[in-house]
Amino acid sequence: MHKLRLILLSSVVLTLASIMACTDKYDDYSTNPNDILSFSADTLSFDTIISTVTTPTGTVLVYNPGSKPLLISSVGLVKGAGSPYNMVVDGVSGERFEQVEIGARDSIFVYINVKLDENGQVKPVLYEDQVVFITNGIQQKVVLQAYGQDAYIWHGKVFEESDTLPNNKPYLIYDSLEIKEGATLTIQEGTTFYMHSNARIKVFGKLTAKGSIDHRIVFRGDRMDNDYMVNIPYDRLPGQWNGIHFYGTSFGNELDYVYIRNGYYGLNFDASTTGQLKLKIKNSIVTNVKGTLISAAGCWIEGENCEFSNSQYHLLYLEGGKYNFTHCTMANYYFPHQQWGSSSNPTIGITNRKAEYDEVNKKTAWVPSPLEQADFVNCIIYGPNSQGGIALAKDTVDAPSTPFNYSFLNCLVLYDEKKTKDKFTDCIFNENPRFLSTTIVDQNEVSIPYDFRIDSISPARNVANVEAAQKAPSDLNGISRFSDEGPDAGAYEYTPKQ
C-alpha cells in the first residue's frame with residue numbers, strides 16, 4: 001500500500017513539473033526595461049487588395065537580441081475583434097496573447113493576413129491597425145497597412161451576347177471569362193483584370209480592348225505579395241494565370257494599349273484562315289510567360305508598336321498564315337530559375353507546317369500550312385542565348401512546294417550568319433541592341449523591372465525605314481520618331497530624357 005502511494009505521489013510530482021516546464025520554460029527573464037524587442041519590419045504593408053478576398057500571409061520576425069530570455073506581457077491588435085486583420089503568434093491564432101516567451105538571442109514569428117469588407121468606393125481605401133507588444137513595461141508596435149479595392153468578382157463568366165464592361169472597378173476572374181461565338185465584348189480604357197491561378201480568357205467571338213497611353217488595359221495575375229523564395233513580386237513572375245485563347249471562330253479582334261503579363265502563355269490562336277483578320281494589336285506589351293508568348297497557325301495577324309518579351313519558349317511561333325509586324329521589340333531575356341526553368345529557344349520560330357491531331361492514328365502529325373506572308377519591318381529581334389534569334393523552318397520533305405514567304409526590312413536581328421540572308425534587307429546582324437535593363441534583379445538582388453528601351457549608343461538608333469515609320473510616327477510611349485536624326489528600330493524611340 002505504501003509503495004503504491006509513493007508511485008502515485010511520484011506521478012503527481014512529475015506531472016506538475018511537466019506542466020510547470022511547459023508553461024514557464026525560463027526562470028531568469030530579464031526585467032531590465034532596456035532589454036526590448038527588435039522587429040524585421042516596423043510596418044507590414046499589403047499592396048492594394050481585393051475586398052472580400054483573404055490575402056496571402058505576411059510575416060514579422062520578432063527577435064530578442066539580449067543575453068537573457070524575455071517575457072512579453074502582452075501582444076495584441078489595437079482594434080481587437082473589430083480588426084480586419086488576423087494574427088497568429090508563435091503558431092497560435094488570436095487577437096491578443098499574454099506571457100509570450102522568447103529565449104535569449106531567439107525569435108518568434110507573427111503571421112498576419114487581412115480580409116476587407118467592400119467599401120463602396122471607386123478608389124482604394126486605406127485600412128490600418130497596429131500590433132502592440134509590451135515587454136518590461138515598454139510598449140513597441142508594428143503598423144499594419146492595407147488598401148482595399150472593391151472589384152467585380154466573377155466565376156466562370158460567360159457572355160452570350162455583345163456587351164461593354166464598365167471600367168469603374170477592376171475585375172477578379174476565377175476559372176474563365178468566355179466570349180461566345182457571335183458576341184463582341186468591349187473593354188474600356190483603364191480596366192484591370194486580376195486573373196486567379198489557372199484562369200483564362202476564352203474568345204470564340206470578338207474581343208475589343210482599346211486603352212489609351214494614360215489608361216492602359218491590364219491583364220495580370222491576382223497575387224499581390226512577393227514570392228518567398230526569391231523575394232520578387234508575383235506580378236513579375238511567370239505562370240500566375242493561364243492566358244488569352246482565341247478559337248477558330250474568332251475574328252476581328254482588336255488590342256490597343258493593352259498590357260498582358262505573367263501567364264502560362266500570352267496569346268494563343270487556334271488554327272484558322274487568312275481570309276479574315278484575326279487580330280490587330282497596337283501599342284501593347286505582352287510579356288513574361290512560362291510557355292510560348294504568342295502562337296498561331298494559319299492566322300492573319302497585324303502588330304504595330306508592341307513589345308513582346310520574355311518567355312521560356314518562343315516569343316512568336318508561327319505555323320503558316322499571314323503576318324505583319326512593324327516597329328516591334330521582340331526581346332527574350334527570360335528570368336532563369338529552378339522553379340520557372342530557363343529559355344534556350346529561338347526568339348521567333350516560323351514554319352510552313354502545323355501540328356494536327358490525327359484521329360485515325362491517334363497521334364499528332366505535321367501537315368502543310370502555307371506561310372503566305374511574314375513581314376518584319378523596323379523591328380528588334382534578340383535574345384541572349386545562342387538560339388535567341390530567328391528560326392526559319394521550311395518543310396522541304398513532306399511539302400516542298402508549300403509557300404514559305406517571309407521578309408525582314410531595316411531590323412536588328414540575332415541570326416545565324418551561315419544561313420541565307422536573301423530576304424533580309426538593310427538589317428543589322430548580331431549586334432547587342434543595348435537595352436536599358438535586361439534583368440529582374442540587380443547585383444544586390446533588389447527587384448527592378450526590365451526596360452527594353454534602347455540607350456544612347458544602341459546600334460538600333462536612326463536605322464529604321466522612314467516610309468514605314470511614318471505609319472507609326474510615335475512610339476509605344478507616345479514619343480515622336482522624327483524628333484532627331486531618324487526613327488529607331490523597335491517599339492521605343494531613344495530620348496535623352498528617359
Side-chain angles (χ1 to χ4, degrees), residues 181 202-207 243-253 255 264-281 286 289 291-304 306 308 311-326 328 330 332 345-377 379 381 387 389-409 411 413 415-416 419-420 422-424:
E181 183 178 357
K202 301 163 65 176
V203 187
F204 294 89
K206 178 180 175 181
L207 175 63
I244 303 179
H245 192 152
F246 296 88
Y247 290 80
T249 56
S250 176
F251 295 98
N253 300 284
L255 302 179
Y264 279 98
Y265 58 88
L267 306 175
N268 187 21
F269 299 87
D270 281 354
S272 191
T273 174
T274 59
Q276 298 183 65
L277 181 64
K278 193 79 170 179
L279 172 69
K280 177 69 172 181
I281 180 169
V286 188
V289 304
T292 298
L293 194 81
I294 299 174
S295 60
C299 296
W300 176 10
I301 296 174
E302 303 279 342
E304 178 185 291
C306 292
F308 304 131
S311 63
Q312 186 175 359
Y313 299 105
H314 301 281
L315 292 183
L316 267 65
Y317 188 67
L318 310 176
E319 298 178 327
K322 183 166 67 173
Y323 310 94
N324 184 282
F325 295 97
T326 303
C328 292
M330 304 174 186
N332 199 3
N345 294 277
T347 301
I348 63 173
I350 304 173
T351 182
N352 61 344
R353 62 181 185 173
K354 64 183 178 181
E356 278 191 0
Y357 186 72
D358 186 343
E359 291 287 351
V360 175
N361 297 309
K362 303 299 180 183
K363 65 178 182 179
T364 300
W366 290 104
V367 298
S369 181
L371 185 69
E372 299 175 24
Q373 171 187 339
D375 295 338
F376 298 82
V377 181
C379 293
I381 303 168
Q387 301 295 322
I390 301 167
L392 301 169
K394 181 179 180 180
D395 187 349
T396 58
V397 178
D398 299 320
S401 61
T402 301
F404 188 59
N405 300 315
Y406 63 88
S407 69
F408 296 83
L409 174 65
C411 294
V413 298
Y415 183 66
D416 189 346
K419 296 182 179 179
T420 178
D422 59 350
K423 295 185 179 181
F424 292 79

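Both backbone and side-chain heavy atoms feed into the values below; hydrogens, waters and symmetry mates do not.
- Counting only distance, with no hydrogens or angles, the side chain of Asn324 and the backbone of Glu302 share no donor-acceptor pair below 3.5 Å.
- For the residue pair Ala296 and Ile301, the shortest heavy atom distance occurs at CB-CD1, 3.9 Å.
- In this structure, the separation between CG on Leu279 and CZ on Phe246 is 5.5 Å, given to the nearest 0.5 Å.
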Run the side-chain donor-acceptor check on residues 368-375: report pairs under 3.5 Å with partners two or more places apart or on a different chain.
from	atom 1	to	atom 2	distance (Å)
Ser369	OG	Glu319	O	2.8
Glu372	OE1	Thr274	OG1	3.3
Glu372	OE2	Thr274	OG1	2.7
Gln373	NE2	Asp375	OD2	3.0
Asp375	OD1	Ser407	OG	2.7

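- If you take OG1 on Thr292 and CD1 on Ile348, they are separated by 13.0 Å, rounding to the nearest 0.5 Å.
- Taking 4.5 Å as the limit, every side-chain heavy atom of Leu316 sits out of range of all side-chain heavy atoms of Ile381.
- Aromatic ring orientation, His245 versus Tyr265: perpendicular (interplanar angle above 60°, classes split at 30° and 60°).
- Without hydrogens or angle criteria, His314 side chain to Pro346 main chain gives a donor-acceptor distance under 3.5 Å.
- You'll find the side chain of Ser311 reaches within 4.5 Å of the side chain of Asn332, heavy atoms only.
- No side-chain heavy atom of Thr249 sits less than 4.5 Å from a side-chain heavy atom of Asp270.
- Taking all atoms of both residues into account, the shortest heavy-atom contact from Thr402 to Lys394 is O-CE, 4.5 Å.
- The CD1 atom of Ile281 lies 11.5 Å from the CD atom of Glu304; values are rounded to the nearest 0.5 Å.
- Ring pair Phe204/Tyr247 is parallel by interplanar angle, where below 30° counts as parallel and above 60° as perpendicular.
- The side chain to side chain contact (heavy atoms under 4.5 Å, CB included) with Ile350 is formed by just one residue from the set Phe404, Tyr323, Tyr317; it is Phe404.
- Between Phe325 and Phe308 the shortest side-chain heavy-atom distance falls below 4.5 Å.
- The backbone N or O of Ala393 sits less than 3.5 Å from a side-chain atom of Thr351, completing a donor-acceptor pair.
- At a threshold of 4.5 Å between non-hydrogen side-chain atoms, the residues Ser272 and Phe251 count as touching.
- Distance CD1/Ile390 to OH/Tyr406: 9.0 Å, rounded to 0.5 Å.
- Side-chain atoms of Lys278 come within 3.5 Å of backbone atoms of Ser250 as a donor-acceptor pair (strictly under, hydrogens ignored).
- The line from CG of Leu267 to SG of Cys299 is 11.0 Å long, rounded to the nearest 0.5 Å.
- The shortest distance between side-chain heavy atoms of Ile294 and Phe269 falls below 4.5 Å.
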